[in-house]
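Encoded as structure tokens, the structure appears first; notes follow it.
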Amino acid sequence: MPAPRHLLAIQGLSPPEITALLDLAEAYALLNRSGKTQRDLLRGRTLINLFFEDSTRTRTSFELAGKRLGADVINMSVSTSSVNKGETLIDTAVTLNAMNCDLLVVRHNQSGAPALLARKVDAAVINAGDGTHEHPTQALLDALTIRRHRGTLEGLVVAICGDIAHSRVARSNIYLLTTLGARVRLVGPPTLMPAAISELGVEIFHEMPLGLKDADIVMMLRLQRERMAAGLVPSAREFRHFYGLDAQTLGFAKPDALVMHPGPMNRGVEIDSAVADDPARSLIAEQVEMGVAVRMAVLDTLARRSTRNV
Ligand code: ASP
């Protein structure tokens with residue numbers, strides 16, 4: 001089977017495919033720290049960041065990654081508020097196709113939108129987060145960050161906590177972590193736990209002390225109120241009381257457990273500043289750094305596979 005032309009999801013990637021991306025990203029992480037760039041690699045190639053949903057860190061990260069590899073980068077933010085989304089998407093695809101773009105990074109509030117675009121354009125499409133479906137580069141950067149600290153993912157206990165139901169980050173992480181041999185626990189209230197999620201080979205917990213017991217990694221998720229039907233969570237205060245991470249709650253995990261969060265954080269809701277900003281325990285800043293390296297690896301890999309002649 002030929003290597004995939006797009007990166008639409010983690011689901012379906014094999015361990016060697018994931019490991020190859022992580023190894024390349026590791027090399028880019030070292031290059032970035034050395035202050036050097038690789039501006040010849042994507043010279044003459046065009047990357048379009050097509051964001052139908054707000055983003056600061058992911059868009060900037062793809063922009064930096066593209067520029068560090070020498071691509072011409074264009075940012076497009078498209079409002080979906082007043083238009084028929086399906087029609088706009090196809091129209092946009094046809095327009096971009098006519099512009100001969102090479103790499104198309106897409107974020108959309110509807111699950112499946114990047115896959116739809118991928119069927120309509122010649123460019124390599126990268127899913128930068130679609131609805132509640134997947135956010136593949138986030139899972140890759142999380143895995144790279146963990147691997148740098150623990151050497152491997154195999155056998156680690158990773159507790160993913162909070163608003164699982166609305167989180168594409170959780171879904172991509174479940175696929176990636178279980179594929180590479182980690183044990184994944186989901187911890188959150190029943191109202192924020194998707195039905196049938198245990199079929200993905202994870203353990204479900206509704207209480208932080210039990211879910212965090214012996215965890216190596218505690219990954220907190222944002223409470224995504226913008227995607228939530230009313231009434232799923234009583235109040236931010238109550239959520240914090242039962243599911244927020246502070247130094248005391250972190251004490252239920254392994255003594256050297258590390259803390260992650262994909263951002264943006266609701267400080268004082270799902271995570272307290274005391275743990276988020278603790279350099280001995282928090283990997284949050286490093287996740288952002290690894291994001292650029294992972295996106296460079298993805299752009300590099302897909303550009304090499306591209307059949308478009310430049
Ligand atoms: N930035 C992540 C995403 O786009 C997580 C979040 O928004 O809470 O899915």
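As the structure lists them, so they are numbered: ligands from 1, and atoms in each ligand from 1.
At the top of the distance list for atom 6 (C) of ligand 1, counting protein heavy atoms only, stands R222 NE, 3.4 Å.
For the pair R295 and F62, the distance from NZ or CZ to the six-membered ring centre is under 6.0 Å and the angle to the ring normal is within 45 degrees.
Near Q224, with a cut-off below 4.0 Å to any heavy atom, the atoms of ligand 1 are 8 (O). Below 4.0 Å from some heavy atom of V169 lie the following atoms of ligand 1, by number and element: 2 (C), 5 (C), 9 (O). Near R107, meaning under 4.0 Å from any of its heavy atoms, are these atoms of ligand 1: 4 (O).
Of the inter-residue distances, the one linking L245 atom CG with M208 atom CE reads 5.0 Å to the nearest 0.5 angstrom. One distance of note links CG of L258 with CD1 of I146; it measures 8.5 Å at 0.5 Å rounding.
Contacts between R57 and ligand 1, counted as non-hydrogen atom pairs separated by less than 4.0 Å, are absent for every part of the residue.
Residue contacts with ligand 1: R168 is placed with a nitrogen or oxygen under 3.5 Å of a nitrogen or oxygen of the ligand (distance criterion only).
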Problem - Worked verdict on L50 versus R107 for side-chain contact (heavy atoms from CB on, under 4.5 Å) - result: CA-CA 7 Å; L50 182 59; R107 168 166 289 193; over 6 Å; no
Problem - Chi angles and distances behind the side-chain hydrogen bond (donor to acceptor under 3.5 Å, both in side chains) call for D163, Y243 - result: CA-CA 10 Å; D163 184 358; Y243 296 102; over 6 Å; no
Exercise for the section: Apply the test side-chain hydrogen bond (donor to acceptor under 3.5 Å, both in side chains) to residues N32 and E289: give CA-CA distance (whole Å), side-chain angles for both, the deciding distance (0.1 Å), then the verdict. Expected result: CA-CA 9 Å; N32 288 342; E289 181 189 355; over 6 Å; no
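Within the structure, the closest approach of Q138 to ligand 1 does not fall below 4.0 Å when heavy atoms are considered.
The option from G263, G131, S55 that lies nearest to atom 5 (C) of ligand 1, judged by heavy atoms, is G263.
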